[in-house]
Amino acid sequence: QVQLVESGGGLVQAGASLRLSCAASGRTFSGYAMGWFRQAPGKEREFVAGIIWSVNNTRYADSVKGRFTISRDNARNTLYLQMSSLKPEDTAVYYCAADARITFPVATMAYEYDYWGQGTQVTVSS
């Protein structure tokens, strides 16, 4: 059984940085694509960033390009999202997800992902 557990969320001021982590267990993720999504109150879940684990191929939403960086640690089986220059509009619950079917480029639709974490809240104050 695949398990994804996010951590690292919190309350920060605009301009600050945060690093989210997603600890993955249950299998080796070398054959997976992994993604970060977010969902703000009253809005649909949206793609933030994705990575194909085995080849380190990445993709970002336009809204976070240049500010967020997705990465993975093979030895720790952990996915990261480094967020910099945070804005109030980045406020949301952030979810880690795993896609067992690798596509190029990385999938951006939530329905394409098979496994999800429980989410971690990120709140950015102005």
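Throughout, numbering of the chain's residues begins at 1 and tracks the sequence. Values below: all heavy atoms of this structure, side chains included; hydrogens, waters and symmetry mates excluded.
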Checking the side chain of N77 only, and the main-chain atoms of A24 only, is there a donor and an acceptor separated by less than 3.5 Å?
yes
Contact between Y94 and E6 at the side-chain level, heavy atoms closer than 4.5 Å - yes or no?
no
Residues P88 and S126: closest non-hydrogen pair is CG-CB, 3.8 Å
Between W116 and R45, does a side-chain contact (heavy atoms from CB on, under 4.5 Å) hold up when you go through it step by step? CA-CA 12 Å; W116 292 85; R45 192 167 296 190; 3.3 Å; yes
- Find out whether Q121 and T91 are in side-chain contact, i.e. whether some heavy atom of one side chain is under 4.5 Å from a heavy atom of the other. yes
Answer yes when K65 and D62 have at least one side-chain N-carboxylate O distance shorter than 4.0 Å, and no when they do not.
-> yes
Hits for ring pair (Phe, Tyr, Trp, His ring centres under 6.0 Å) against F47, two or more places apart or cross-chain, chain-then-number order -> F37
Check: Is the closest side-chain heavy-atom distance between M83 and V48 below 4.5 Å?
Finding: no
With side-chain contact (heavy atoms from CB on, under 4.5 Å) as the test, would you mind laying out the steps for L79 and I70 before giving the verdict?
CA-CA 7 Å; L79 181 72; I70 188 171; 3.9 Å; yes
In short, disulfide bond (SG atoms under 2.5 Å apart) pairs touching residues 17-114 with sequence neighbours left out are C22-C96
| field | Y60 side chain near I51 side chain, heavy-atom distance below 4.5 Å | value | no
**Item:** Worked verdict on R67 versus D90 for side-chain contact (heavy atoms from CB on, under 4.5 Å)
**Value:** CA-CA 11 Å; R67 299 190 298 122; D90 294 318; 2.8 Å; yes
D114 meets the side-chain hydrogen bond (donor to acceptor under 3.5 Å, both in side chains) criterion, sequence neighbours left out, with R101
